[in-house]
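Heads up, the thing below is written out as structure tokens.
Predicted model, so just to flag it, every value in this text is computed and none were measured. Keep in mind that the numbers below use all heavy atoms, side chains included, and drop hydrogens, waters and symmetry copies. Note that ligands are numbered from 1 as they come in the structure, with each ligand's atoms numbered from 1 the same way.
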Amino acid sequence: MRKPILAGNWKMYKTIAEAETLVAAIRSGVEFIDAVETVVCPPFVALPAVAAALAGSPVGVGAQDVYFEKEGAFTGEVAAPMLQGLVSYCIIGHSERRALFGESDDWVNRKAKALLAHGITPILCVGESLAQNQAGETDTFVRSQVQAALAGLSPAQVAGLVIAYEPIWAIGTGLTATAADANRIIGLTIRGAIARLYDETTAQAVRIQYGGSTKPDNIAGFMAMPEIDGALVGGASLTAASFVTMVQETLRARGG
Ligand code: 13P
């Protein structure tokens, strides 16, 4: 059984003080929920404060990016050894980083390897553009992103990953994939690709989230789907009330 994982990607929102306030409210809101894993991904500078505020709680902490070199003259970058001990997760390959900061499939793959070498679980983002979706290229494109990101990883490493299927046209737009379409792409396209590249056991182990305009009032439909193992939440993770409601809705959709 794959445990659903709801992760809040705060993007470039929240000062350190705001992050502490938000995370304290999330912590108390999800305190007694064991059947859904909850993770917050604040900006780098808030990570130490957030990790301290969550010490002893089941809420996980994730970073939003990492650079793949161990150290060096890479102004502005943060390396995996610097995140080790501070976070258990790290988002890689988010479409905003791919589109705005030139993150390539090769970089995503190197970032995955750097994280895994330091005991941090990648949350690997994949997803097609509106044009690709309308041209019927979703399956081919998403499969190619998955294959490139996983190159050289062992079955055990892949089994422990979190993948987020985030159609770009659904991010921050209020549009979502239908739950049935998301379920199909996650199950057939992504899990199917992993089964072909690795094996069925590995494919069945990896947790795959949906992301893109998930909210308290639409999350249940996604979470009721058998292939969807949680969500990567942007805007709706920035207030404790909506994020906690989404964790509760996930629990309910799973019969908890
Ligand atoms: P929204 O939930 O704001 O659409 O963002 C989704 C996302 O990009 C999460 O990584």
Side-chain angles (χ1 to χ4, degrees), residues 4-14 18-19 22-23 26 36-44 46-47 50 59-66 87-101 103 108 111-112 115 120-130 132-133 138 141-142 145-146 149 161-179 181-182 185-186 190 207-223 225 228-250:
I5 174 168
L6 222 72
N9 174 8
W10 294 6
K11 307 192 179 181
M12 200 175 74
Y13 291 97
K14 306 295 178 189
E18 290 166 346
L22 174 55
V23 90
I26 291 172
V36 178
E37 189 175 350
T38 305
V39 176
V40 293
C41 303
F44 281 127
L47 286 173
V50 165
V59 180
V61 182
Q64 297 177 18
D65 189 26
V66 66
V87 305
S88 5
Y89 292 96
C90 180
I91 298 169
I92 54 172
H94 193 281
S95 61
E96 287 150 16
R97 295 220 58 89
R98 292 182 193 255
L100 302 172
F101 304 101
E103 189 158 325
V108 175
K111 290 178 177 195
L115 291 171
I120 299 167
T121 301
I123 300 178
L124 162 67
C125 300
V126 297
E128 82 287 1
S129 68
L130 183 61
Q132 289 168 321
N133 184 281
T138 298
F141 181 70
V142 169
Q145 284 185 316
V146 170
L161 287 185
V162 177
I163 298 179
Y165 168 58
E166 299 205 306
I168 297 169
W169 48 270
I171 294 177
T173 57
L175 302 172
T176 65
T178 65
D181 280 347
I185 291 157
I186 287 172
I190 300 177
R207 292 187 292 177
I208 312 180
Q209 304 168 309
Y210 168 76
S213 295
T214 53
K215 307 279 178 227
D217 63 4
N218 65 20
I219 188 80
F222 293 104
M223 296 304 111
M225 290 288 166
I228 307 181
D229 305 316
L232 186 55
V233 185
S237 73
L238 295 174
T239 58
S242 65
F243 191 56
V244 169
T245 301
M246 292 172 81
V247 177
Q248 291 164 340
E249 286 289 314
T250 302

Using a strict cut-off of 4.0 Å, indicate which atoms of ligand 1 neighbour a heavy atom of Leu232. 9 (C), 10 (O)

Sorted by chain and number, sequence neighbours left out, side chain to side chain donor-acceptor pair (under 3.5 Å) with Ser129 holds for Gln132

Can you pull out the closest protein heavy atom to atom 2 (O) of ligand 1? Residue, atom name and distance to 0.1 Å, please. Gly234 N, 2.9 Å

Looking only at protein heavy atoms, which one is nearest to atom 9 (C) of ligand 1, and how far off is it? Glu166 OE2, 2.8 Å

Heavy-atom distances under 4.0 Å decide this one: backbone, side chain, both or neither, for Ile171 against ligand 1? both

Report the part of Ala164 in contact with ligand 1, treating N, CA, C, O as backbone and CB onward as side chain, heavy atoms under 4.0 Å; options are side chain, backbone, both, neither. neither

Is the shortest distance from a heavy atom of [X] to ligand 1 less than 4.0 Å?
X: Ala236; result: no
X: Ala170; result: yes
X: Gly211; result: no
X: Lys11; result: yes

Among Gly172, Ala231, Gly127, Gly235, which one has a heavy atom closest to atom 4 (O) of ligand 1? Gly172

Mind checking what makes side-chain contact (heavy atoms from CB on, under 4.5 Å) contact with Asn218, not counting sequence neighbours? Thr176, Thr214, Lys215, Phe222

Check the pair Phe243 / Thr38 against side-chain contact (heavy atoms from CB on, under 4.5 Å), numbers first and verdict last. CA-CA 10 Å; Phe243 191 56; Thr38 305; 3.6 Å; yes

Side-chain donor/acceptor of [X] to backbone N/O of [Y], under 3.5 Å:
X: Ser242; Y: Ala236; answer: yes
X: Lys111; Y: Asp65; answer: no
X: Glu249; Y: Ala220; answer: no
X: Gln64; Y: Asn9; answer: no

Tell me whether Thr173 has any N or O atom under 3.5 angstrom from an N or O of ligand 1. no

Close N or O approach (Asn9, ligand 1; < 3.5 Å): yes

Minimal non-hydrogen separation, Leu232 against Ala164, with atom names: CD2-CB, 3.8 Å

